[in-house]
**Student:** 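Take a look at the following structure, please.
Quick note: residue numbers are just sequence positions, from 1.
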Amino acid sequence: MVSGRAELEKNDEVEVLRRFGKESLRPGQDELIQRAVEGKSVLGLLPTGYGKSLCYQAAALLRGGTSVVVSPLLALMREQVEYMCSIGVRAARYDSTLAPEERETLLAELAAGNLQLLYVAPESLESPVLNEALSHAPLQIFVVDEAHCISQWGHSFRPDYLRLPIWAAEKHFVCTMAFTATATPRVREELCRAFGISDSCVVEISPYRANILRRVICSDSPEEVLSQYLSVPYNRPCIVYTRTRKKAEELAAAMTKQWGIPAACYHAGLPTELREKLQDAFLDNKPDVLVATIAFGMGIDKPDVRSVVHVNMPASPEAYLQESGRAGRDGLPATSLVLLSGADRVSAHNRVHAAMPDAEGILRCVRWLLPTAPRVVSLWELGVTCDVAEDVPQRVLELLVARKAVHVESQGYKYYKVRPLYALTDILRGRDVQESTRLRWLDGHRDGEVEDAATAWNCSFAEAVEQLTECERAGEWKLTFRQRALCIVPGERDVDSDAVADELNALYAARRDADLERLALLEEMLSAPTCLNSALEAYFTGRPLRAPCGHCSACRGEVPALPPVPAAQELPVDAALPTFDRDAQRRRFLAGISSPASLARRLYANPLYGSLANTPWEVI
């Protein structure tokens with residue numbers, strides 16, 4: 001659906017094509033660009049690989065001034081900034097990986113109105129220094145990449161996206177451009193409501209990809225099927241998706257050492273530098289098989305991927321469409337293959353249940369984030385302490401801030417580490433008594449908590465962060481920060497911690513039920529005797545294809561029957577389980593699903609870890 005055509009001016013179109021080296025624009029791209037140039041907010045529902053980045057990049061250049069792009073993908077931001085600079089566009093990114101001197105230069109350029117495009121991670125938007133610089137910039141377009149993350153009913157909700165509409169309104173951008181490849185009609189309505197986008201400014205391109213053969217094979221020996229499939233050279237380059245890091249490592253090793261198929265492994269647990277090398281090597285087909293978790297793929301521009309294989313069932317129709325859509329971006333024939341097994345069906349359902357935080361974990365988060373005095377907190381560390389995923393403390397904090405029960409006074413880091421680059425006597429030369437005292441203390445406490453430095457220096461947390469940063473900026477100390485942290489202070493309103501926890505429990509329960517519903521719906525789509533592509537079209541657009549596609553498993557007469565779930569396992573009578581505070585922790589352990597606390601305790605090495613992995617969550 002492309003609503004109420006708004007065609008790009010011919011001169012503007014020529015300029016866009018020349019600047020970006022394109023021969024033509026795809027349907028819908030010109031309308032999105034033109035409406036943004038006119039100052040109208042738009043929503044682009046574009047398939048994976050369709051070219052959403054071109055839309056906002058072109059609109060930003062034609063509109064002039066400074067446009068801000070919010071994206072959760074640091075690797076994508078780095079790649080796009082490099083590309084934009086290579087074609088003469090003044091672009092930069094603001095995130096936690098910048099060195100102090102890089103950050104200062106960027107903020108000065110931003111405040112002076114010298115940047116055309118600024119890429120920002122969502123968690124950086126509350127930075128006081130960034131907001132101060134933005135207040136002086138000639139702001140034009142606010143771009144939200146992966147916009148479905150704002151929806152609590154979307155498949156990958158992110159709490160740090162919740163404030164984006166409010167933040168954008170406070171900055172008085174001329175318009176908003178929101179983009180996603182995976183939005184159901186319900187999520188689309190939520191996005192339009194959040195950013196004030198009218199129906200006439202929604203551009204929706206069908207997710208159907210005629211060049212992708214969608215196959216589903218049921219087997220209790222999925223690795224045998226995969227080995228045979230990858231032995232055919234035409235099926236490569238190939239991305240093989242697994243659900244866990246361990247499985248990705250094991251599978252890549254088996255391919256290389258046993259199957260004679262060189263393969264690399266990619267997941268979020270690898271160092272950043274190694275991930276970048278693996279990504280670049282795969283782009284050059286060295287090797288041409290990459291076994292990965294869902295950490296790989298977002299923003300990766302590799303048009304010649306011939307196959308995407310899911311060894312484990314995707315988590316939802318949204319995840320399936322997005323991940324399989326990385327095949328065949330060059331328009332040539334490609335394949336999406338999903339391998340279904342009975343044991344994996346149990347594992348998929350168990351992981352949805354395990355992802356829901358238990359009541360005790362939520363309550364502990366709420367109580368910790370309701371301080372009686374200023375408190376510095378690392379949300380990651382709080383997640384480990386309360387044994388909940390990192391998004392839970394984020395979600396709790398968002399709610400408490402919205403209720404004005406808590407205020408975020410400043411942002412910084414929990415820990416620091418310094419090393420003097422010169423003799424202390426040389427560093428102290430010419431300093432006054434107060435500064436000399438501070439630097440002597442620092443020399444005696446080279447590794448510690450920023451909050452301790454603030455106490456010793458009789459200053460605020462934010463001032464301590466700034467003073468530590470100044471030490472490095474002066475070129476006299478080597479500084480390393482660790483673990484992003486917030487300084488929170490009591491708000492003006494009291495709230496009942498139990499009531500807040502109950503509200504969040506209900507919210508997470510509703511999310512679990514929605515995720516289970518999505519998973520069941522995907523199971524139904526993959527095993528149905530009717531057209532898979534038509535089912536996907538109906539799910540995302542509300543309308544099926546006009547006719548069956550003719551090239552999915554069902555249309556080819558290869559209707560898969562869902563494999564039966566294996567019989568429930570039983571623990572040995574004399575099994576000695578580790579001690580657990582909460583029932584959900586015990587279930588996760590037996591199901592072989594890690595949590596922050598179990599990782600800290602290294603429980604994955606226990607012989608009973610995952611001993612009931614094939615048993616439904618409700619039975620464990």
Side-chain angles (χ1 to χ4, degrees), residues 65-72 74 77-78 81 90-144 160-161 163-164 166-173 374-379 394 397-398 401 406-416 418 435 438 449-451 453-454 457 459-489:
T66 300
S67 293
V68 176
V69 182
V70 173
S71 172
L74 296 184
M77 289 198 291
R78 281 194 292 266
V81 168
R90 299 188 303 277
R93 60 181 173 84
Y94 185 94
D95 60 56
S96 58
T97 66
L98 294 179
E101 59 273 14
E102 292 177 310
R103 189 176 296 112
E104 278 199 4
T105 301
L106 182 154
L107 293 171
E109 290 289 295
L110 176 61
N114 294 333
L115 291 182
Q116 294 169 286
L117 271 171
L118 177 67
Y119 290 79
V120 187
E123 62 271 17
S124 299
L125 290 178
E126 300 302 328
S127 165
V129 291
L130 175 63
N131 281 277
E132 171 61 24
L134 285 169
S135 69
H136 300 287
L139 299 180
Q140 293 295 316
I141 302 174
F142 181 58
V143 181
V144 184
D160 49 12
Y161 263 58
R163 261 190 54 79
L164 293 188
I166 300 170
W167 187 89
E170 291 172 347
K171 296 293 177 290
H172 302 292
F173 285 91
R375 170 180 287 170
V376 174
V377 58
S378 157
L379 295 185
Q394 282 186 316
L397 184 61
E398 291 282 352
V401 168
V406 168
H407 293 303
V408 177
E409 187 177 66
S410 59
Q411 299 186 44
Y413 297 88
K414 185 73 180 288
Y415 303 101
Y416 73 88
V418 296
E435 194 169 5
R438 176 165 55 83
E449 293 193 24
V450 175
E451 193 171 13
W457 300 341
C459 65
S460 69
F461 172 73
E463 289 170 336
V465 171
E466 178 58 30
Q467 289 177 17
L468 286 164
T469 302
E470 180 58 36
C471 289
E472 180 174 60
R473 194 182 294 132
E476 298 170 336
W477 302 76
K478 175 64 178 175
L479 167 69
T480 303
F481 282 124
R482 187 163 56 87
Q483 273 190 41
R484 293 187 63 83
L486 307 170
C487 181
I488 57 176
V489 296

**Student:** Just so I know, are the side chains of Val408 and Val489 near enough to count as touching, which here means a heavy-atom distance under 4.5 Å?
**Tutor:**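 Heavy-atom side-chain distance check fails, nothing below 4.5 Å.
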**Student:** Between the side chains of Arg163 and Glu170, is the shortest nitrogen-to-carboxylate-oxygen separation below 4.0 Å, so that they form an ion pair?
**Tutor:**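 Salt bridge: yes.
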**Student:** Over all heavy atoms of both residues, which pair between Leu164 and Val144 is shortest? Give the atoms and the distance, please.
**Tutor:**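 Looking at all heavy atoms of both residues, the shortest contact is CD1-CG1, 3.9 Å.
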**Student:** Please report the closest heavy-atom contact between Arg103 and Leu98, naming both atoms and the distance.
**Tutor:**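 Looks like NH2-O, 3.0 Å.
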**Student:** Quick one, Leu134 and Val68 - any side-chain contact, counting heavy atoms below 4.5 Å?
**Tutor:**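 Yes, at least one pair of side-chain atoms sits under 4.5 Å.
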**Student:** Determine yes or no for a side-chain-to-main-chain donor-acceptor pair under 3.5 angstrom, with Trp457 supplying the side chain and Ala464 the backbone.
**Tutor:**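 No, Trp457 side chain to Ala464 backbone: no donor-acceptor pair under 3.5 Å.
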**Student:** How close do Val81 and Ala91 get, counting heavy atoms only, and between which atoms?
**Tutor:**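 Minimum heavy-atom separation between Val81 and Ala91: CG1-O, 3.8 Å.
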**Student:** To the nearest 0.5 Å, how far apart are CD in Gln140 and CG in Leu117?
**Tutor:**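 Result: 11.5 Å between the selected atoms.
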**Student:** Return the CD to CD distance between Gln394 and Glu123, rounded to the nearest 0.5 Å.
**Tutor:**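 The CD atom of Gln394 sits 8.0 Å away from the CD atom of Glu123.
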**Student:** Could you report the tightest heavy-atom contact between Trp167 and Leu125, atom names first, then the distance?
**Tutor:**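 Where Trp167 meets Leu125 most closely, the heavy atoms are NE1-O, 3.1 Å.
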**Student:** What residues form a ring pair (Phe, Tyr, Trp, His ring centres under 6.0 Å) with Tyr416, not counting sequence neighbours?
**Tutor:**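 Ring pair (Phe, Tyr, Trp, His ring centres under 6.0 Å) check on Tyr416 returns nothing, list empty.
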**Student:** Can you confirm if the NZ or CZ of Arg484 lies within 45° of the ring axis of Tyr413 and under 6.0 Å from the centre of its six-membered ring?
**Tutor:**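 Judged by the rule (NZ or CZ under 6.0 Å from the ring centre, within 45° of its axis), Arg484 counts as positioned above Tyr413.
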**Student:** Short question: side chain of Thr66, backbone of Leu115 - any donor-acceptor pair under 3.5 Å?
**Tutor:**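 Side chain of Thr66 to backbone of Leu115: a pair is present.
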**Student:** Please name the pair of heavy atoms, one in Ala168 and one in Phe173, separated by the smallest distance, quoted to 0.1 Å.
**Tutor:**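 Nearest heavy atoms, Ala168 then Phe173: O-CD1, 3.6 Å.
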**Student:** Salt-bridged, Arg473 to Glu104, with N to O below 4.0 Å?
**Tutor:**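 Glu104 and Arg473: salt-bridged.
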**Student:** Once salt bridge (Lys or Arg N to Asp or Glu O under 4.0 Å) is applied, do any residues pair with Glu435, and if so which ones, sequence neighbours excluded?
**Tutor:**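 If we apply the salt bridge (Lys or Arg N to Asp or Glu O under 4.0 Å) test to Glu435, skipping adjacent residues, the hits are Arg431, Arg438.
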**Student:** Can you tell if the side chain of Tyr119 reaches within under 4.5 Å of the side chain of Val70, non-hydrogen atoms only?
**Tutor:**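 When only atoms from C-beta onward are counted, Val70 and Tyr119 do not touch, as no gap falls below 4.5 Å.
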**Student:** Please report the interatomic distance CG(Leu118) to OG(Ser67), rounded to the nearest 0.5 Å.
**Tutor:**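 Between atom CG of Leu118 and atom OG of Ser67 there are 10.0 Å.
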**Student:** Is the side chain of Gln411 donor-acceptor paired with the backbone N or O of Leu486 at a distance under 3.5 Å, no angle test?
**Tutor:**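 Side chain of Gln411 to backbone of Leu486, a donor-acceptor pair under 3.5 Å: no, none is there.
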**Student:** Applying side-chain hydrogen bond (donor to acceptor under 3.5 Å, both in side chains), name anything that partners Ser460, two or more places apart in sequence or on another chain.
**Tutor:**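 For Ser460, the residues satisfying side-chain hydrogen bond (donor to acceptor under 3.5 Å, both in side chains) (neighbours in sequence not counted) are Glu463.
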**Student:** Got a donor-acceptor contact below 3.5 angstrom from the Asp95 side chain to the Val120 backbone?
**Tutor:**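 Such a contact is absent between Asp95 side chain and Val120 backbone.
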**Student:** Show the nearest heavy-atom pair for residues Cys459 and Gln467, with the distance to one decimal.
**Tutor:**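 What the structure gives for the nearest pair is SG-NE2, 4.3 Å.
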**Student:** With rounding to the nearest 0.5 angstrom, report the CZ to CD distance, Arg375 to Glu451.
**Tutor:**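 Result: 9.0 Å between the selected atoms.
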**Student:** Mind checking whether Leu397 and Val377 have side chains closer than 4.5 Å, heavy atoms only?
**Tutor:**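 The answer is no; the side chains never approach within 4.5 Å.
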**Student:** What distance separates Glu101 CD from Leu106 CG, expressed to the nearest 0.5 Å?
**Tutor:**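 One finds 12.5 Å between CD of Glu101 and CG of Leu106.
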**Student:** Is there a donor in the side chain of Tyr94 and an acceptor in the side chain of Ser127, or the other way round, less than 3.5 Å apart?
**Tutor:**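 Checked: Tyr94/Ser127 side chains pair up, N/O donor to acceptor below 3.5 Å.
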**Student:** Side chains of Ser378 and Gln483: is there a donor and an acceptor less than 3.5 Å apart?
**Tutor:**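 Looking only at side-chain atoms, Gln483 and Ser378 do form a donor-acceptor pair, the distance falling under 3.5 Å.
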**Student:** Distance from Leu110 atom CG to Glu132 atom CD, nearest 0.5 Å?
**Tutor:**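 So the CG of Leu110 and the CD of Glu132 are separated by 10.5 Å.
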**Student:** Please confirm whether the backbone N or O of Val465 pairs with a side-chain atom of Thr469, one donor and one acceptor, at under 3.5 Å?
**Tutor:**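 Indeed, once roles are kept as given, a pair shorter than 3.5 Å links the two residues.
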**Student:** Any chance you could lay out the side chain to side chain contact (heavy atoms under 4.5 Å, CB included) test for Val376 and Ile488, step after step, and finish with the verdict?
**Tutor:** CA-CA 6 Å; Val376 174; Ile488 57 176; over 6 Å; no
**Student:** Got a donor-acceptor contact below 3.5 angstrom from the Arg482 side chain to the Tyr415 backbone?
**Tutor:**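 The answer is no, because no donor-acceptor pair under 3.5 Å joins these two groups.
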